[in-house]
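The next block holds one structure in the form of structure tokens; read it before the comments.
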Amino acid sequence: MDILLFLLLAPLIAAVLLYVLPNHPVRDWLVRLAAVAIAGASLYLLATAFNKGTQLVVFPTEPAGLVMTGLAVLIALFILAMGVKYRKPVAIALALVQTALLLWFEFVYAPGMHAEHNLFVDEFSIVMALIIGVIGSAICVYAVPYMRTFQAQHAEVPDRRRMFFFVLFVFLSAMFGIVFSNNLSWLFFFWEVTTLCSFVLIGYTKTTEAIDNSFLALQMNLLGGVGFAAALLWLGMTQGTIELDKLVGAGAAVALVPATLISFAGLTKSAQLPFSSWLLGAMVAPTPVSALLHSSTMVKAGVYAIVKFAPVLSGTLPGLFVGLVGGVTFLAASAIAVTQSNAKRVLAYSTVANLGLVVACAGIGTYEAVWAAILLIIFHAVAKSLLFLGVGTVEHQVHSRDIEDMAGLVTRMPRVGVMMLIGMAGMYLAPMGMLISKWATLRAFIHAPGGILFLLLIAFGSAVTVFFWAKWMGLIIARPNRAENIESRVPREELIVLGLLALLVVGVSLLFPWISRLLLEPYVFGLYGKIAELGQDNVIIMLLMMGTILLLPLSLLYFRTGRHKLKPYMGGRPTSSDMHFAGSLGIEREMGLHNYYLEDWFGEKRTFRAGVAVTALLIVLMFAGLVNAGGFA
Amino acid sequence: MKREAQLIETIELGDLLPRVERQKKAGDRLVAISCAVVEGENEITYSFEDRAHRFLHLRIVVPPGATIPSVTPSYWGAFVYENEIHDLYGLTVTGMNVDFGGHFYATKVPYPFAAAASPKVTPAGKEAQEKECLDR
Amino acid sequence: MAYMKRSPWIIHYDGSSCNGCDIEVLACLTPLYDVERFGIINTGNPKHADIFVVTGSVNEQNREVIRNIYEQMPQPKVVVALGICACSGGVFRECYNVEGGMDKVIPVDVYVPGCPVRPEQIIDGVVKALGVLEEKRARMKSGAPAEATV
Amino acid sequence: MGVFTIAKTITRNLFSRPPTSRYPAEPAKRFDLTRGHLVFTPEGCRVCRVCMLRCPTQAIVVDREKRTWECDHFRCITCGNCVDLCPTDALHLEPAYRSPEAAHPAKEFHTIPVPPPKPEAGGEKAEA
Amino acid sequence: MSRQIVIPFGPQHPVLPEPLHLDLVMEDERVVDVIPSIGYVHRGLEKLVEKRDYKDFVFIAERICGICSFIHGMTYCHAVEGVMDLDVPPRAVYLRTVWSELSRLHSHLLWLGLLADSMGFESLFMQAWRLREHVLDDLESTTGNRVIQGACKVGGVRHDVSDQKLREIVDGLGQLEAGMQDLTNVFVHDDSVKHRLSDLGVLTEQQAWDLGAAGPVLRASGVANDIRQTGYAAYDELEFTPVVETAGDCYARTVVRAKELFTSVDLIRQAVDRIPEGPIDMKVTGNPKGEFYARSEQPRGEVVHYVKANGTKNLVRFRVRTPTFTNLPPLLAAMKGIELADVPVVVLSIDPCIGCAER
Amino acid sequence: MNLLYAVAFIILAPLVGGLIAGVDRKLTARMQGRMGPPVLQPFYDVGKLLEKEHVVVALSQNYFVLAYLIFIAFSGALFFSGGDLLLVVFALTLAHVLLVLGAYAATSPYSFIGAERELIQLMAYEPMVILAAAGFYIATGSFYVTDIAAFPRPLIVLLPGIFIGLFYVLTMKLRKSPFDIATSHHAHQEIVKGVTTEFSGSTLGMVEVAHWYETVFLLGLFWLFFAWSPAIALIAVAILYLAEIFIDNATARVKWGFALRSIWAVTLVLSALNLVALQYFGGL
């Protein structure tokens with residue numbers, strides 16, 4: 001499987017080259033070239049591997065394993081150095097614990113454990129690889145003009161774009177590593193690399209806030225890393241296998257402990273509730289980073305790991321609690337998102353919420369749930385990256401990432417506005433992708449034990465979701481007349497990438513029956529021997545709705561004619577066309593329209609505190625359930 | 001049928017604020033501030049009421065266009081009357097807590113009640129008015 | 001196609017009226033007179049209304065409001081001036097702040113005299129307005145503007 | 001405790017005949033005193049002008065020389081002051097009210113016939 | 001980042017029957033600031049006294065407001081009679097009292113209806129106005145008009161009412177009382193109504209008094225202030241206790257007005273029982289000279305008519321201080337921190353009569 | 001799945017819905033002691049609206065309203081053709097969001113606030129509707145309306161909690177007092193006409209027709225609880241609607257906070273109890 005190697009190494013090579021090159025169009029072109037190559041390779045992977053089931057790859061362990069251990073130690077040293085430099089004792093402690101565990105494993109147990117297949121590829125990996133390869137590369141392309149504008153607008157930030165693109169591509173490589181690794185110690189290595197990339201990129205601007213937030217993210221992820229390392233150690237101690245396929249195949253009796261520990265790591269990586277604060281802090285990073293790491297790929301690595309272990313978790317107490325952590329996170333994060341007006345924070349909370357849903361599905365772990373979980377991952381990655389990039393573009397033009405300042409975006413930046421509308425519709429409206437997944441999730445929940453609890457969580461959570469997305473959409477199409485069209489200022493590449501992603505959102509929703517048939521159903525069948533699918537008629541209905549939605553804008557042609565335009569109703573007061581009205585005291589007042597944030601209902605602090613309390617308890621129960629199941633006995 | 005006693009006390013402009021404050025301290029309610037133009041002078045009357053319905057009027061007399069101090073420090077709600085007096089009589093009231101800046105009533109004629117705007121109606125003018133009525 | 005006559009929705013605005021006519025307008029909605037018998041609804045929203053029922057006279061400040069409401073109504077529309085204040089300025093005609101009847105600001109189609117107008121008179125006025133409304137609709141349908149813009 | 005406290009009333013309403021008047025199918029409700037509109041009988045008028053002078057809304061114009069009586073019904077508030085003050089029976093109020101108009105109507109105009117010579121006192125009396 | 005919503009409320013608005021205009025500044029739906037403005041009904045009728053005979057002016061005084069019409073007319077007459085020191089025949093005084101209370105009945109029923117309408121309780125609105133029609137019939141059959149009665153004149157009243165008719169009115173009110181009982185029962189006891197009114201727009205006793213509140217607004221805050229106690233018209237010969245509530249919220253204001261309905265019926269009953277025979281008016285000669293402040297208790301509270309005369313048939317100054325005008329500052333105080341949905345309710349809770357307030 | 005039913009719904013529902021609206025107005029008037037409009041009044045109203053001038057604040061508002069109408073009709077048709085209940089619910093949500101967007105597009109103070117409130121309404125009743133669909137599934141083993149309707153036992157017995165909860169929410173869906181917080185059919189409101197403030201003429205007509213579709217669909221949803229016996233179902237649905245008219249006339253409008261809180265509480269308690277009971281004592 002040379003293609004796997006290519007996907008692992010090509011980004012790495014590109015990264016090194018990018019680090020060497022100075023700020024120059026050549027580097028920009030290299031980014032584009034590499035992106036096209038990676039995207040092409042991942043599509044090639046799809047074309048060559050989609051119908052072949054799980055393929056395990058033998059790969060020489062020795063040199064690679066050694067290199068990895070060495071690099072892991074280097075990473076640990078780097079973290080220690082940074083920790084010392086910025087005086088972050090928690091990070092130092094966690095890094096020490098984690099490295100100690102890892103070294104213990106590497107030197108005491110690893111020699112005795114032989115992994116037959118270090119790499120693999122199956123349908124789920126293909127899905128993940130496509131997300132990384134296509135969406136990730138698109139984001140990298142987008143980052144070129146974005147970072148140019150960013151540096152131009154933030155003169156105070158040192159230009160570290162060389163480092164930026166270097167890390168970005170290293171990250172892509174590591175992500176491919178995560179989804180192709182069959183050897184858990186490899187997986188762990190790549191896992192740690194993504195943590196490091198995230199750490200470096202969050203701290204890009206090197207402001208105090210950025211540094212603090214980057215350490216917050218680092219600490220949370222290291223905490224998860226400790227869990228992961230513990231899983232490896234446990235495997236070593238019990239003379240288990242460190243091969244993913246064998247472990248998953250072994251079932252709950254053998255694999256429940258590592259599965260739970262790795263799920264714990266997954267919960268931190270995917271910013272589930274007691275740990276979600278790091279993702280919010282990570283929003284200080286430049287927007288492409290948020291799009292790539294913190295919504296469409298890296299956080300997905302967390303849920304990827306949990307979904308991988310879903311068959312193990314299914315029907316177990318720890319599984320139930322993992323699922324509940326996800327469910328509660330979904331509800332709480334959605335509720336908090338209502339109170340946010342900072343666009344990136346809304347997106348971040350929505351990301352946390354949706355990952356929560358995936359985690360809930362994975363925790364339940366039935367065949368339907370896994371099918372739903374993967375669908376969620378796909379649709380979320382596409383729509384959310386579009387939204388993040390959209391927000392980035394808007395931010396650079398209107399100099400604010402506040403939702404309220406996006407009022408009337410359809411008149412100010414029509415194309416970007418419409419693309420963002422598509423992205424948002426993709427997040428919560430039928431017949432777009434997320435809704436299909438939600439349909440699947442609901443079905444999965446009903447069939448699951450304890451499903452009613454999940455049902456309640458999702459029912460209330462989706463209601464809240466509708467609220468915050470719809471009000472944002474509403475602001476975008478509301479038209480305060482002060483708007484002038486400023487779209488021409490948007491760099492062309494940004495528009496192209498946005499357009500591509502918007503097409504993807506629609507395309508994925510249209511193509512989802514085929515995606516399901518080609519990739520998801522075989523994967524689920526391979527694991528469970530059962531097939532989950534949406535009924536044929538429902539597919540037709542979905543497509544029908546989609547068609548209607550796509551055709552309806554044509555009616556605007558009709559509505560354009562013969563309409564008498566009037567000013568809005570303002571209680572009969574004399575109104576100017578730019579939303580001013582004759583106010584009291586003889587003052588002309590500007591109408592102020594702002595969304596509702598229901599602070600009294602879902603206030604961030606209160607909801608967050610409640611969510612943390614509940615999920616922390618659930619995590620304790622998760623480990624308790626493990627003890628109960630006799631895992632540590 | 002009872003008729004209320006008319007307790008009208010004319011005071012100096014300078015005594016106004018202390019007197020008003022005294023009424024306030026005594027626990028009186030501000031019933032109204034009214035203004036009338038009598039022989040070219042503005043009569044401003046502050047009417048108070050105590051809890052036993054005793055109705056008391058303090059009156060100051062000021063020339064047209066005069067400046068009077070606001071009683072809103074004692075009576076928060078007095079601004080409605082004072083704005084009215086400003087808009088209708090063209091008197092300046094200083095220190096109002098809510099100043100409508102002349103937009104309390106948007107009148108077609110500025111200061112319609114001001115001394116200059118009021119015709120002198122005397123018994124002798126009756127016939128003239130009748131005539132005007134016929135010429136309509 | 002005479003739906004126009006069967007579903008006249010009104011909007012009521014109180015110009016500088018003494019409330020006498022206004023409460024009679026409201027009284028028309030209530031059980032004893034119940035104008036909903038004729039499909040009349042008091043919408044309170046110019047965008048939904050067909051008949052502008054206006055009471056009181058025009059003064060300095062409400063002139064713009066009356067015009068604004070009138071302009072916000074979609075065609076065809078009819079103005080019914082209720083009460084003598086709306087017809088001519090009435091008893092307040094000579095007040096310094098009163099400009100006169102509603103026709104100083106907007107074209108009035110039906111005048112209903114009375115001080116105050118009685119509910120039956122209001123019904124008469126609105127019924128008369130329906131005829132005008134229908135005429136305007138027919139004119140509009142034939143392509144001509146329902147009325148000259150003000 | 002009160003949920004649906006109005007239940008009794010609305011149920012009663014539902015099952016009883018509504019009090020709605022059938023106007024215009026049925027005639028409007030009127031009382032003897034109802035002030036509908038002003039009626040002028042020229043024959044009784046002595047041209048004293050009290051109705052004009054005391055009209056609160058100045059709807060009436062009487063010209064002594066030309067012996068005319070004019071009333072603008074778009075000004076008349078049917079208060080009945082003129083009826084009360086009229087020294088003769090030239091004015092009275094009818095309970096029927098005026099109907100709506102499409103335009104300002106012409107003023108009601110009457111020429112007052114010259115009466116057989118009689119002592120004239122009304123005008124001065126009322127003005128006093 | 002300010003998330004404030006700034007919207008215009010009125011002058012034309014379906015829940016405000018009259019033009020009052022507020023600029024609302026809100027966060028979500030919480031009202032953080034209210035900037036009011038009036039002047040849409042300002043006619044300047046006080047100045048008309050310079051052009052009208054003081055006797056005819058009563059017809060204009062009545063048209064200050066079509067709802068409080070009768071009491072305006074009566075108070076104007078009181079003021080002029082005060083200047084001229086006229087002793088009005090007792091039958092006229094009693095008739096005026098009966099009509100005042102009938103006006104109060106119609107006004108309170110009207111207000112209860114509007115309040116119900118402002119909180120979306122349509123059937124209650126209809127019910128209140130249905131009852132009100134009975135009162136209007138009584139008014140029309142005795143005075144000649146439904147809402148602007150034109151029954152008062154300087155020196156008496158214009159129409160006598162036969163004792164038999166007065167009896168009929170009292171009997172009719174007896175029947176009406178049952179309906180009013182059902183109606184007020186809803187206002188006082190219904191949970192959905194209480195949800196909308198309780199703890200809303202609270203004015204403490206001190207606040208209400210200091211801000212110059214009048215009438216039911218003042219009484220709902222625990223001050224037993226009713227100008228009828230000063231004994232104008234026939235009230236010094238009739239017995240009644242002012243209705244007082246202490247909570248000072250919209251609910252208390254509603255309860256005060258609901259209970260006052262029954263006080264009014266009782267007062268009418270007493271007045272009809274005691275009404276003396278005799279003339280209904282007196283001859284008024286000469287022109288007034290002097291000044292007089294006359295006060296009455298309108299449905300909305302205390303109204304003050306001030307008359308200054310110089311011996312001509314035209315008054316020098318006529319000033320009306322209406323209850324709504326003095327209730328505006330308390331209204332502003334009561335509106336702090338309410339929700340958008342409460343705005344019409346709180347505004348209506350002072351029973352605003354903009355026509356009165358602006359004249 | 002039966003296309004015929006879908007077509008029948010699209011054609012007949014406006015007629016039935018309009019008639020129901022007419023009867024509603026007549027009965028409401030009678031409860032208020034009035035004579036009320038003719039039963040066909042809603043049709044006259046829509047007829048009139050179609051005759052009016054096309055007036056807009058923003059062009060796109062009409063587009064959203066058209067889409068709203070189409071998707072309301074679509075979800076109703078999907079329901080009556082026996083489709084997947086969850087999809088019906090999703091399509092309905094889409095429709096309402098489109099209406100809200102139409103109101104936003106107008107950018108007028110009252111339609112904007114109406115839009116926010118409509119979203120609060122959506123947020124309030126959405127959980128109940130989803131849980132109702134889930135309840136039907138747990139009781140009958142299918143999301144398909146066809147299967148649910150063909151279920152041989154009376155669902156009302158299995159799903160009493162869901163039924164009451166849904167009934168509680170129905171008031172809001174029908175825009176009736178006490179929950180008519182975003183827009184109301186007749187009562188006056190502090191936000192004028194809420195979402196529909198800026199819609200006029202044919203656009204408003206479309207909204208009306210959409211309401212008719214929705215009424216019929218909602219009554220159809222309640223039909224499912226009694227579907228084992230069409231006669232009883234007809235009576236039950238009629239009684240339900242009468243009860244709604246009654247409630248509409250017997251309450252003041254509550255504030256949105258109370259509406260949201262009470263609906264969520266009812267939803268949570270009733271549906272949780274019902275579903276848990278169902279899962280452990282019967283169903284599936």
Side-chain angles (χ1 to χ4, degrees), chain C residues 18 20-21 24 27-38 51 53 57 78-95 98 100-104 107-132 135, chain D residues 6 9-10 12-31 33-39 52-61 70-83 93-108:
Chain C
C18 71
C21 299
E24 294 293 46
C28 280
L29 308 172
T30 57
L32 212 60
Y33 298 99
D34 185 30
V35 289
E36 206 188 350
R37 283 181 292 153
F38 313 110
I51 300 182
V53 170
S57 49
V78 172
V79 177
V80 179
L82 285 187
I84 58 145
C85 293
C87 293
S88 69
V91 69
F92 306 118
R93 199 179 64 255
E94 288 174 278
C95 291
V98 172
M102 280 300 149
D103 41 14
K104 299 254 163 150
V108 175
D109 298 283
V110 178
Y111 297 87
V112 185
C115 184
V117 283
R118 299 170 53 84
E120 288 96 347
Q121 277 180 293
I122 298 175
I123 294 175
D124 288 349
V126 172
V127 167
K128 194 175 173 75
L130 294 182
V132 184
E135 258 172 52
Chain D
I6 202 175
T9 308
I10 58 179
R12 201 192 311 122
N13 284 345
L14 182 62
F15 293 107
S16 55
R17 201 181 126 88
T20 311
S21 92
R22 283 354 183 224
Y23 185 84
E26 284 174 12
K29 186 172 58 181
R30 274 172 213 144
F31 296 92
L33 276 178
T34 301
R35 299 198 298 271
H37 70 284
L38 183 66
V39 177
M52 173 178 90
L53 296 175
R54 296 288 297 276
C55 177
T57 171
Q58 301 188 330
I60 303 172
V61 177
E70 258 188 320
C71 177
D72 184 349
H73 286 291
F74 271 16
R75 286 188 188 171
C76 173
I77 56 172
T78 54
C79 59
N81 198 29
C82 48
V83 179
L93 286 169
E94 286 277 335
Y97 46 77
R98 304 194 68 86
S99 39
E101 312 269 357
H104 273 278
K107 289 176 184 168
E108 186 180 341

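Every chain is numbered from 1, with letters handed out A, B, ... down the list of sequences. Not measured: the values here are computed from a predicted model.
- The CD atom of D:Glu26 lies 11.5 Å from the CD atom of C:Glu120; values are rounded to the nearest 0.5 Å.
- Within the 4.5 angstrom heavy-atom criterion, atoms from both the backbone and the side chain of C:Leu32 approach chain D.
- Taking every heavy atom of both residues into account, D:Pro100 and C:Pro113 meet most closely at CA-CD, 4.3 Å.
- Minimum interatomic distance between D:Pro24 and C:Ile123 (heavy atoms only, all atoms of both residues): CD-CG2, 4.4 Å.
- Within the 4.5 Å cutoff, side-chain heavy atoms of C:Asp124 are placed close to those of D:Tyr23.
- D:Cys76 touches chain C through its backbone: at least one of N, CA, C or O sits under 4.5 Å from a heavy atom, while the side chain does not.
- With chain D as partner, the option from C:Val91, C:Asp34, C:Val112, C:Leu82 having the largest number of non-hydrogen pairs under 4.5 angstrom is C:Val91.
- Considering all non-hydrogen atoms of both residues, C:Gln121 and D:Arg98 come closest at NE2-O, 3.1 Å.
- For D:Ser21, the parts sitting under 4.5 Å from any heavy atom of chain C are the backbone and the side chain alike.
- With rounding to the nearest 0.5 angstrom, the NE2 atom of D:His73 is 12.5 Å from the OG atom of C:Ser88.
- C:Arg93 places a side-chain N or O within 3.5 Å of a backbone atom of D:Thr57 that can act as its donor or acceptor partner.
- Proximity to chain C is absent for every atom of D:Pro18, based on heavy atoms less than 4.5 angstrom apart.
- Highest contact tally toward chain D, considering only C:Gly114, C:Cys87, C:Pro116, is held by C:Cys87 [criterion: heavy-atom pairs under 4.5 Å].
- Here the CD atom belonging to D:Glu101 is positioned 7.0 Å from the NZ atom belonging to C:Lys128, to the nearest 0.5 angstrom.
- Dense packing is recorded around CZ of D:Arg22, with more than 12 heavy atoms of other residues, nucleotides or ligands lying under 6.0 Å away.
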